[in-house]
Amino acid sequence: VRRALTWTEIPLRTEVLREAARTLAPYYGKVFGTLTATGMAAIEVGLEWVGVRPEDEVVVPSECCYLVPAAIRRLGAVPVFALVDDRLTLDPLEIHRVLTVRTRAVLAVHHLGLPCPVRALRMATPTEIPIIEDAAQAFDLRSEGAAVGSTADIVVTSFGEGKPLSLMGGGGVFASQQLLENAMDRHTAAAREGTTLPRSSALHPRAVEDLEAHIKAAHELIARRRKAVARLTPLLHRAGLRPWRGRLYDSPSWHRLPVWAQDAAARENALMAVSAEKVVQLPHATSVPQLMHFKEHTIVLSPQTFEELLLIRLDDHERLEEWACDVRRRGHIDE
Ligand SMILES: Cc1ncc(COP(=O)(O)O)c(C=O)c1O
């Protein structure tokens, strides 16, 4: 009896994850998906799914989480860094400069929850090159009115701690093809006897308990951030801090709110205000393409720096209020 139970647990676990992936997929504009142990693993599965092999080139923005190009390197492929524009996402006008005969995919990252113009990227990229949308820092985001997943071939995401939709770890790959549901299969006879090697691990079924509550929390989080940005925007302008501005019908999910200090005094005020250490984040000192992991394998057009950029964290309401009040006081801004 014990043996029979052990065997029946395996399809049950697969079924729980399959159902969870089908529940999550519409939030990423797709119907089917597979869940992975991390967001980085989701990128690896996604790249392989669209046919990326060792030595192939994958276009990636010069500004993004370093785990994105790291996933490309893990497959033995080559990250090709393309310049971002002043909205901090891939510039569709730059794409033609980085495409080669070895390009196998473009990774469109919604960096900091800011909409990457996926539709314009699709138009700027030959149709045989798939676009993979990375929505790890995004939720309920729209780019020029288009929802996540509406243009891209596949969507990858992370459910890690601190992500808008957090399951305290994990990742997902979403597509329109049902076949993707088998990408993490390593228990069935077909997987055992197939030609592709099994993968290391899927998301644990426990992580998806209370999935509806996690999704509701993500919606509430994004609504709070959007309200905070609406409240802050006039104050920031008056304090000499220019907040990020999107295209028409862009709807960011604001993992951070980027602001550009107009002069040294405005920057100093922002950094010296009460609670600044919890609210204001400086960009990393070393840009992603310059990191040791990528130096020898990467192709970069020209390094970009964003020295005057400050990143505002919106999730600690109390500290954000303290900071905003002090910025106002320091700048002697009249309401
Ligand atoms: C845009 C982006 N993609 C992928 C990842 C990787 O996700 P994970 O940490 O779950 O591996 C991250 C970050 O952590 C990320 O910010």
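Along the sequence shown, the residues carry numbers beginning at 1. Whatever order the structure lists them in is the order used to number ligands and atoms, beginning at 1. Everything numeric here is computed off the predicted structure, so don't read it as measured data.
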Geometric N/O contact Met40 with ligand 1, under 3.5 angstrom: yes
Heavy-atom proximity to atom 4 (C) of ligand 1 ranks first, among Asp134, Val156, Leu67, for Asp134
The test is side chain to side chain donor-acceptor pair (under 3.5 Å); show your working for Glu133 and His110 and say whether it passes. CA-CA 8 Å; Glu133 200 169 345; His110 297 299; 2.7 Å; yes
Looking only at atom types and distance, does a side-chain atom of Thr125 sit under 3.5 Å from a main-chain N or O of Leu121, one as donor and one as acceptor? yes
Which ligand 1 atoms does Lys163 reach within 4.0 Å, using its non-hydrogen atoms? 12 (C), 13 (C), 14 (O), 16 (O)
Sub-4.5 Å side-chain heavy-atom contact between Thr100 and Glu57: yes
Closest to atom 12 (C) of ligand 1 among protein heavy atoms sits Cys65 SG, 3.6 Å
Going by the angle between their ring planes, with limits at 30° and 60°, are His219 and Phe139 parallel, tilted or perpendicular? perpendicular
Just do the side chain to side chain donor-acceptor pair (under 3.5 Å) check on Asn269 and Arg328 with the steps written out, would you? CA-CA 9 Å; Asn269 279 344; Arg328 188 189 297 137; over 6 Å; no
What I want to know is whether Gly39 and ligand 1 share at least one N or O pair that is separated by under 3.5 angstrom. yes
Here the atoms of ligand 1 under 4.0 Å from any heavy atom belonging to Ser158 are 7 (O), 8 (P), 10 (O)
Using a 4.0 Å cut-off to any heavy atom of Gln137, which atoms of ligand 1 qualify? 16 (O)
Between Trp254 and Trp244, does the ring centroid distance fall short of 6.0 Å? yes
